[in-house]
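Structure first, then comments.
Order of appearance sets the numbers: ligands from 1, and atoms from 1 within every ligand.
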Amino acid sequence: MRILYFLFVSLFLLTGCMKKPAPSQATLQAPGGKIRLEFMLKSDGSPAYAVFLADKVLIDSSTLGFTLKDEPALRANFEVIKFSNSSFDETWETVWGERRKIRNHYNELTAYLREKEAPNRLMNLIFRAYDDGVAFHYVIPEQPGIPANFVIMEEHSEFRFTGDHTAWWKPADIDSYEYLYETTPLSKIDASKYAPENERVDRRILNFKAVNTPITLRTAEGVHISLHEARQLDYPDMTLALKGNTDLVSELVPWADGDRVKATLPLRTPWRTITISDRAGGLVESNLILNLNDPNKLKDLSYIEPMVYTGIWWEMHIGKTTWRRDFVEGSWSNMGGQVHGATTENTKRHIDFNAANGIRGLLIEGWNTGWEYWGMDTIGFFDFVTPYPDFDIKEVVRYANEKGVAIIGHHETSGDVENYEKHLEKAFQLYKDLGIKAVKTGYAGEIRPKGERHHGQYMIRHYQKVIELAAKYGIAINAHEPNKDTGLRRTWPNYMTREGLRGTEYEAWSAGNPPEHTVILPFTRLLGGPGDYTAGIFDVLFDKYKKDERVHSTVAKQLAVMVTLYSPHQMAADLPENYEGKPAFQFVRDLVADWDETIVLNAEVGDYLTTVRKAKGSPNWFLGSTTDENARELSASLSFLDAGKTYVADIYADGPGADWERNPFPVAIQKVLVTKDMTLPLKLAPGGGTAISFKPATEEEAKTLPMFGK
Ligand code: NOJ
Ligand code: CA
């Protein structure tokens with residue numbers, strides 16, 4: 001008996017003392033159980049993950065790691081010290097957005113890794129599984145084995161797909177996102193036709209077999225996947241390069257000196273995100289990117305105002321007026337008989353138009369000196385505070401205030417960031433003093449300091465600096481030629497919207513945007529966040545100003561995209577004279593730019609999209625339905641409406657014979673009563689659309705208006 005006891009105790013002690021190697025594999029399941037992520041160490045000790053949907057491999061074992069400057073790579077030879085797991089479930093409220101409440105529900109796994117050999121460097125990988133996708137990021141903690149300041153030369157995050165999925169992508173230009181999307185099999189990603197773009201000073205493609213994110217994929221079984229990033233702070237853009245047939249691997253945008261990340265310990269990279277849905281509309285409805293960002297940091301939100309806006313803008317793009325004035329023989333005039341757009345008089349005309357139509361915002365471009373040098377190879381010409389003499393800024397703002405119109409200021413930097421940073425504080429101070437609470441910024445040109453790129457770490461720092469400084473001055477920002485949207489609007493809700501897409505301006509001075517562009521954007525670029533597409537053009541041909549260019553859309557679709565392409569600053573971009581007297585403009589008067597809820601009713605990437613949104617704090621709903629170059633008959637179940645209520649639906653559809661190419665103008669307007677149990681047919685012309693506003697019927701309306709279909 002004693003011997004047995006002795007044996008038992010020694011066995012217990014032995015097993016207890018023996019260092020059990022931590023397992024090198026772990027599983028992470030999304031709360032709903034359909035999505036699963038497996039973490040593993042490969043035989044060479046490189047960390048890897050795989051993603052499964054309903055037990056089918058979506059992303060095969062893909063490795064993660066870095067190469068560093070003057071230090072050995074941080075990619076292999078790891079062991080797992082430990083795993084930790086946690087869960088989170090909270091519903092938070094947005095300041096503004098596509099919806100008011102968002103549920104953030106995930107399970108998290110952290111793999112604490114250590115190199116097996118000295119100096120035994122540490123790296124942690126954090127994975128999150130949601131019901132709408134997975135995400136991971138790297139944390140490199142403070143440690144003796146890595147200098148406090150170090151340089152990452154490349155991040156090697158793999159996304160190895162198991163099939164040659166259909167891909168919607170645009171080239172990995174490290175300066176610009178202003179491209180049309182290509183639709184090809186994943187294995188056929190090839191942007192070499194864009195080689196001439198590299199001649200431009202404000203464009204650069206380093207790898208023609210690489211793409212910018214978001215890139216969206218669809219498997220043969222109809223699973224939709226989108227790769228992007230979230231919470232991009234002090235870290236360059238991740239582009240994705242095609243390796244072999246169906247593998248994508250991260251490539252970071254370099255500094256002028258070739259470094260990718262000038263990093264400081266502890267380093268926390270942006271999240272790498274994989275949004276997954278069995279329907280195209282599921283990608284659009286996903287909140288994954290926002291959920292991966294930190295909660296709102298701003299205390300004063302009083303100046304942040306979602307709004308529909310017009311501008312002294314389209315008139316310059318089509319050549320009716322110009323941004324510039326010319327200083328000729330000692331005085332300001334206009335060369336070649338050109339007309340300056342931002343004059344006191346023209347601005348007051350716009351203010352009157354907005355006031356008469358209840359449009360809140362007015363953007364004014366070309367108000368400040370310096371435009372006469374724009375596009376020239378010279379620097380330092382904007383000071384952002386000196387108005388042209390024909391623009392009385394104080395008087396304009398006084399008049400706008402009197403009429404209840406909010407002026408949106410403009411800072412075009414032409415890419416000369418060094419100059420902009422010199423003037424930034426006094427430029428914001430001027431707007432603050434005047435009571436201007438929103439500013440559109442722009443970076444159209446080569447970045448200075450020379451060699452830095454729009455999507456490199458230098459600029460990521462700059463864009464962030466502008467947002468934080470703008471918040472200090474009570475200013476909201478709409479950035480053009482911006483950094484990509486990775487959901488930072490949750491943390492800094494004064495970062496309202498941005499361009500970062502090929503917008504309507506291209507319709508004014510290039511071959512334009514084919515009808516499918518606006519049914520690809522919502523499933524690609526706009527998955528990152530809002531986009532300032534600047535639609536709402538009624539005179540889609542603008543032959544009075546230009547004969548060769550035009551907008552590739554019917555007029556009804558121009559209304560519909562103001563619903564489908566989300567932006568909290570939503571532009572109605574056409575000239576006031578093109579809206580005057582047009583019954584269809586009522587839709588814009590009624591439209592809002594902030595929402596309680598957003599639902600996608602039907603969608604196929606690149607084909608069509610129907611979205612409904614409920615106006616914030618109001619019972620009104622808005623519907624936008626859009627198609628590519630093909631005519632379509634869709635339908636909208638009105639089950640989103642409240643039960644027991646009768647609504648007035650104002651329907652703006654493509655009129656008889658409408659066709660974006662041959663007959664873009666007919667808009668058929670109908671006012672009918674509808675209820676929740678109805679289904680409305682949506683008849684979309686080629687390149688067309690339907691826009692509808694719904695509001696509860698008054699007693700009078702309920703008695704007098706016809707019921708739909710009766
Ligand atoms: C390009 C911007 O996208 C556009 O909106 C702006 O009008 C011009 N730059 C001038 O700043
Ligand atoms: Ca632009």
Contact atoms of ligand 1, heavy-atom distance to Glu505 under 4.0 Å: 1 (C), 2 (C), 3 (O), 4 (C), 5 (O)

Ring pair (Phe, Tyr, Trp, His ring centres under 6.0 Å) assessment of His455 paired with Tyr177: CA-CA 10 Å; His455 309 161; Tyr177 303 114; 3.9 Å; yes

For ligand 1, which atoms, with element, lie under 4.0 Å from some heavy atom of Glu412? 9 (N), 10 (C), 11 (O)

Just checking, Lys348 and Tyr399: is the charged tip under 6.0 Å from the six-membered ring centre and within 45° of the axis? yes

Looking at Tyr495, is Arg498 sitting on its ring face, NZ or CZ under 6.0 Å from the six-membered ring centre and within 45 degrees of the normal? yes

For ligand 1, which atoms sit closer than 4.0 Å to a heavy atom of Trp323? 7 (O), 10 (C)

Mark up the atoms of ligand 1 that fall under 4.0 Å of a heavy atom belonging to Trp371, in ascending order. 10 (C), 11 (O)

Close approach of Trp314 to ligand 1, heavy atoms, under 4.0 angstrom: no

Measuring from His340:NE2 to Arg324:CZ, what's the distance to the nearest 0.5 Å? 10.5 Å

With heavy atoms only and a cut-off of under 4.0 Å, state how Trp374 meets ligand 1: side chain, backbone, both or neither. side chain

Run through Glu507, His517, Glu629, Glu516 and flag the one making a side chain to side chain donor-acceptor pair (under 3.5 Å) with His552. Glu507

Ligand-side contact atoms (ligand 1) for residue partner Glu499, heavy atom cut-off under 4.0 Å: 3 (O)

Of the options His462, His411, His454, which is the one that meets Tyr443 in a side chain to side chain donor-acceptor pair (under 3.5 Å)? His462

The one among Met316, Glu365, His480 that brings a heavy atom closest to atom 6 (C) of ligand 1: Glu365

So, is Trp313 polar-close to ligand 1, with some N/O to N/O distance under 3.5 Å? yes

Quick one: do Phe523 and Trp168 satisfy ring pair (Phe, Tyr, Trp, His ring centres under 6.0 Å)? Show the steps, please. CA-CA 9 Å; Phe523 308 97; Trp168 288 271; 8.1 Å; no

How many angstroms lie between atom CD1 of Ile436 and atom CD1 of Ile408, to the nearest 0.5 angstrom? 10.0 Å

Backbone, side chain, both or neither: what part of Tyr443 comes under 4.0 angstrom of ligand 1, heavy atoms only? neither

Under 4.0 Å to a heavy atom of Glu481 - the qualifying atoms of ligand 1, by number: 1 (C), 2 (C), 3 (O)

Atom indices of ligand 1 within 4.0 angstrom of His410 heavy atoms, with elements: 11 (O)

